[in-house]
Number of protein chains: 2
Amino acid sequence: MGAEMLQKGAVSARDVALAAGVSRTAVSRTFTPGASVSPATRAKVIAAADALGYHVNNLARGLTRAESGIVALIVAELDTPYRSRLVSALTDRLQTAGKVAMMINTDRSDASVEAALKQAIGYRTDAAIVLSGMPDRALADMCLRNGLRLVLINRDEAWPGTIRVRLDDEEAGARAARTLLRVGSERPALASSASATASLAARAKGFRAVLAAEGVVPIEAVFGATSYETGLALGTDLFSREARPDGIFCVTDLLACGVIDAARHRFNLRVPDDLSVIGFDDIPQAGWEAYGMTTFRQPVTAIAEACVAWLSGPAAGTEAETVRLSAEMVWRSSVAASGR
Amino acid sequence: MGAEMLQKGAVSARDVALAAGVSRTAVSRTFTPGASVSPATRAKVIAAADALGYHVNNLARGLTRAESGIVALIVAELDTPYRSRLVSALTDRLQTAGKVAMMINTDRSDASVEAALKQAIGYRTDAAIVLSGMPDRALADMCLRNGLRLVLINRDEAWPGTIRVRLDDEEAGARAARTLLRVGSERPALASSASATASLAARAKGFRAVLAAEGVVPIEAVFGATSYETGLALGTDLFSREARPDGIFCVTDLLACGVIDAARHRFNLRVPDDLSVIGFDDIPQAGWEAYGMTTFRQPVTAIAEACVAWLSGPAAGTEAETVRLSAEMVWRSSVAASGR
DNA sequence: CCCGACATTGCACGCCTGTGCATCAGGTTC
DNA sequence: GAACCTGATGCACAGGCGTGCAATGTCGGG
């Protein structure tokens, strides 16, 4: 009936204590697992808390405790199939681990990554998961000094107090090359963006190495950002050449979609009859009937699992750790059947 | 050289004060815009802060201030093109407004939305932007009582202290119907998922209303979740019927992609020659050459803009506000040219 | 030289919680 | 009945910050 306490601020433990006729300590203990409170008191507190709509202030709790429960996700181009899948998996996993994700956008520039990390420090984030862009050594040290653990995904650098999560990109690239050779591709090609990412470089490296061992030099098209539009451009470039490729490894599904569309709609080529295409990531669109793309599946849930497990574990000393996961091949219809 | 202060916790204002030989107050004032500090003191403080890697603790700051600077984004199925675009726009906009986004996943169930909101309250979020799922009235009141402002996107309910952001979905549906009629469609169809969303329902309603005025009853296929796979199923259902539709309005691009693929790859139909398709959202894939979909563009940046503007504004009284935005039509090649 | 205006600085308090320590009630054992 | 143990409870403090208030120092004007 008489609903007081409607001012402006949130309802605090003192309000609950007042309403329940107990001390504020009792309220605190009620919401602290393992603390000593009598069932009677606890019941009174819970009743009052429910009536007032009380919730423990995690900010204040984070002041005293060493952990705030917040983990920063630092990411560029979230509106991209692979990224959004990974972020979704990460937030999911963090939540079930009792933590919560704070999203910080960057534009891939070093400056914006630095700003993002500083903001993360400002909120006393337990850790930061960096999906894109690269903090330099000094920045990483600053994070460490502020008790902020760093998770680097798809990066080569390894620093103290840091965990790296990597895929077997090189092996996947090699497998792509072997697959194309087995299909009988005589003019295999590599399509990649110009973005200097460790994982993209590793995929290309593995691809080239296998071909080189067979004495084959791949046709290459490398430019642009990692996007569908670049894929289109790469495709039209490749198919306009004298020696038209008959098998293409695209370091990313997004690129592969563009390449396939260029082949079909701009050059009237049939996939896989005239051309085999292999991608990487297994974004949802790779499974769409318009593409039916043979590709490598990013183990997003395994990646998320590894990150969160490390975060939940004890603050491992100062050695850098590395987690390696493998990308399973997914067979669809963009590669001639004999290749399997 | 002598790097002390390497314990465990983060570096605090007191550490900086000690290093700079000033009071902790001076440090606080240095980082508080508009506070009174002499240039000399400020310089000493900044130097010490840089050397130690100090960053103001936003958690503690949020304790005193009324605002924490955190805004919760409550969303399901983030790994979906439209959602990820919207979330990306929102986090971007929030950041430039000096706030930061906290991502909370839900599985669309009411229970998980409730849990999400409670977590948001726990972190004394300034506001919560609900992209999917629906808090009930009691829950909204609890938020309000805790000083948490609520932004509801694509919802019908309007409650005190809340803002709704809506599109002119009904008008768009109507326009889709008029467009199909103009192309000469004799058997127009509606494809929708079974998810009971206000916006989807409004699109369908507008579509049906225009047709009804012309004495036409659309062929309808309505089932499943809002996904590409459902689109495939809807398409195969529709194209298997006696009276095969020659124009389809899909309430979502994701559905439309599935419908187009079903038409092309399962029934050998040509788009737009045998069939016109209109979607909604303008997800990136709608612009891909494989689809070239005519659709309605979700004004994601305008939506984000509206949300953040409201959040940054004064805590408007207790009336519910509503923002209406319009979805511009995007012409591509999935509708016969004469339709324009 | 004196006085008022003003900028700067530090003390102390409040914000909200968790927790060590002391207190106290209640019950058990001899 | 006394000594003792146990579980519950409250006090007081810490944690990092912003800010009102008072004190100090500085400068200009008269």
Side-chain angles (χ1 to χ4, degrees), chain A residues 5 7-46 48-49 52-70 121-126 146-148, chain B residues 5 7-45 48-49 52-70 121-126 146-147:
Chain A
M5 272 284 71
Q7 287 86 317
K8 60 181 197 311
V11 26
S12 78
R14 197 173 55 190
D15 302 331
V16 177
L18 222 62
V22 299
S23 77
R24 191 192 58 76
T25 307
V27 178
S28 177
R29 291 214 163 93
T30 298
F31 293 101
T32 303
S36 164
V37 207
S38 76
T41 314
R42 154 170 271 120
K44 278 193 295 184
V45 169
I46 299 256
L52 270 60
Y54 169 72
H55 292 271
V56 178
N57 185 336
N58 284 98
L59 271 48
R61 178 178 271 178
L63 250 190
T64 310
R65 290 197 182 296
E67 316 228 324
S68 66
I70 309 179
I121 294 178
Y123 279 101
R124 292 304 185 267
T125 295
D126 290 342
N146 278 281
L148 197 158
Chain B
M5 272 285 70
Q7 286 86 318
K8 61 179 197 311
V11 26
S12 76
R14 196 174 55 191
D15 302 331
V16 177
L18 222 61
V22 299
S23 77
R24 191 191 57 76
T25 308
V27 179
S28 177
R29 292 215 163 91
T30 299
F31 293 101
T32 303
S36 164
V37 207
S38 76
T41 312
R42 152 170 273 121
K44 277 193 295 186
V45 169
L52 269 61
Y54 169 73
H55 293 271
V56 178
N57 185 336
N58 284 96
L59 271 48
R61 177 178 268 179
L63 255 189
T64 310
R65 290 198 182 294
E67 315 229 324
S68 66
I70 310 177
I121 293 178
Y123 279 101
R124 292 305 184 264
T125 295
D126 290 341
N146 278 281

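First the proteins, then the strands, lettered A, B, ... as listed; each starts at 1.
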K.L.:
Take B/V16 and B/V11, measure what side chain to side chain contact (heavy atoms under 4.5 Å, CB included) needs, and give me the verdict at the end.
P.N.:
CA-CA 8 Å; B/V16 177; B/V11 26; 4.3 Å; yes
K.L.:
For A/N58 and A/I70, what are the C-alpha separation, side-chain angles and deciding distance, and is it a side chain to side chain contact (heavy atoms under 4.5 Å, CB included)?
P.N.:
CA-CA 10 Å; A/N58 284 98; A/I70 309 179; over 6 Å; no
K.L.:
Distance check: side-chain N/O of B/S28 vs OP1/OP2 of D/dC17, anything under 4.0 Å?
P.N.:
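So the side chain of B/S28 is outside the cut-off, no N or O lying under 4.0 Å from OP1 or OP2 of D/dC17.
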K.L.:
In whole angstrom, give the distance that lies between atom CG of B/N58 and atom P of D/dC17.
P.N.:
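Rounded to whole Å, this separation is 10 Å.
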K.L.:
Between C/dT17 atom C1' and A/H55 atom NE2, what is the distance in whole Å?
P.N.:
16 Å
K.L.:
Looking for any heavy atom pair under 4.0 Å, which part of the strands does A/R29 touch: base, sugar-phosphate only, or nothing?
P.N.:
base
K.L.:
In terms of the nearest nucleotide of DNA chain D, which residue is placed more toward the 5' end: A/A60 or A/A26?
P.N.:
A/A26
K.L.:
Within this structure, what is the CG-to-C1' distance between A/N57 and D/dC17, rounded to whole angstrom?
P.N.:
14 Å
K.L.:
Output the rounded distance in Å from OH (B/Y123) to C1' (C/dC16).
P.N.:
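To the nearest whole Å, that distance equals 15 Å.
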K.L.:
So, OP1 or OP2 of C/dT9: does either fall under 4.0 Å of a side-chain N or O from B/T41?
P.N.:
yes
K.L.:
Under 4.0 Å between any heavy atoms, over every strand shown, what does A/V27 touch: base, sugar-phosphate, or nothing? Just pick one.
P.N.:
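No contact.
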K.L.:
Rounded to whole Å, please give me the gap between CZ in A/R124 and C1' in D/dG16.
P.N.:
8 Å
K.L.:
Choose from C/dT17, D/dG15, D/dG18 the nucleotide whose nearest atom is closest to any side-chain atom of A/R61.
P.N.:
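In terms of side-chain proximity for A/R61, the closest of C/dT17, D/dG15, D/dG18 is C/dT17.
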K.L.:
Could you state the CZ-P distance from A/F31 to C/dG18, rounded to the nearest angstrom?
P.N.:
10 Å
K.L.:
Students often get this wrong, so: under 4.0 angstrom with heavy atoms, is B/Y54 touching a base, only sugar-phosphate, or nothing?
P.N.:
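Sugar-phosphate only.
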K.L.:
What is the separation between atom CG on A/L18 and atom P on C/dC16, rounded to the nearest whole Å?
P.N.:
13 Å
K.L.:
Tell me which nucleotide among D/dC13, D/dG18, D/dG10 gets nearest to the side chain of A/R24.
P.N.:
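Nearest nucleotide to the side chain: D/dC13.
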K.L.:
Taking the side chain from A/S68 and the backbone from A/R124, do they hold a donor-acceptor pair closer than 3.5 Å?
P.N.:
yes
K.L.:
Taking the nucleotide of DNA chain C with the nearest heavy atom to each, does A/A13 or B/S23 sit closer to the 5' end?
P.N.:
B/S23
K.L.:
Heavy atoms from C-beta onward define the side chain here; which of C/dG18, D/dG16, D/dT9 lies closest to that of A/R65?
P.N.:
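Nearest listed nucleotide: C/dG18.
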K.L.:
With sugar-phosphate meaning primed atoms plus P, OP1 and OP2, does B/T25 contact a base, only sugar-phosphate, or nothing at under 4.0 Å between heavy atoms?
P.N.:
base
K.L.:
Sub-3.5 Å donor-acceptor pair from the side chain of A/N146 to the main-chain atoms of B/G53, do we have one?
P.N.:
yes
K.L.:
Which value, rounded to the nearest 0.5 Å, describes the distance between B/L59 atom CG and B/Y123 atom OH?
P.N.:
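One finds 8.5 Å between CG of B/L59 and OH of B/Y123.
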K.L.:
For B/R42 and B/R29, work out which heavy atoms get closest and say how close.
P.N.:
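Taking B/R42 first and B/R29 second, the nearest heavy atoms are NH2-O, 4.5 Å.
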K.L.:
Reckon B/S36 touches a base, only the sugar-phosphate, or nothing at all at heavy-atom distances under 4.0 Å?
P.N.:
base
K.L.:
Side-chain N or O of B/S38 less than 4.0 angstrom from OP1 or OP2 on C/dT9?
P.N.:
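So the side-chain polar atoms of B/S38 do come within 4.0 Å of the phosphate oxygens OP1 or OP2 of C/dT9, strictly under.
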K.L.:
In whole angstrom, give the distance that lies between atom CD of A/E67 and atom C1' of C/dG18.
P.N.:
15 Å
K.L.:
Return the 5'-most residue of the pair A/T32, B/R42 with respect to DNA chain C, ranking by each residue's nearest nucleotide.
P.N.:
B/R42
K.L.:
Among C/dT17, D/dT19, C/dC15, find the nucleotide with the atom closest to the side chain of B/L63.
P.N.:
C/dC15
K.L.:
Of the candidate nucleotides D/dC17, C/dT9, D/dG16, which contains the atom at the shortest distance from the side chain of B/V56?
P.N.:
D/dC17
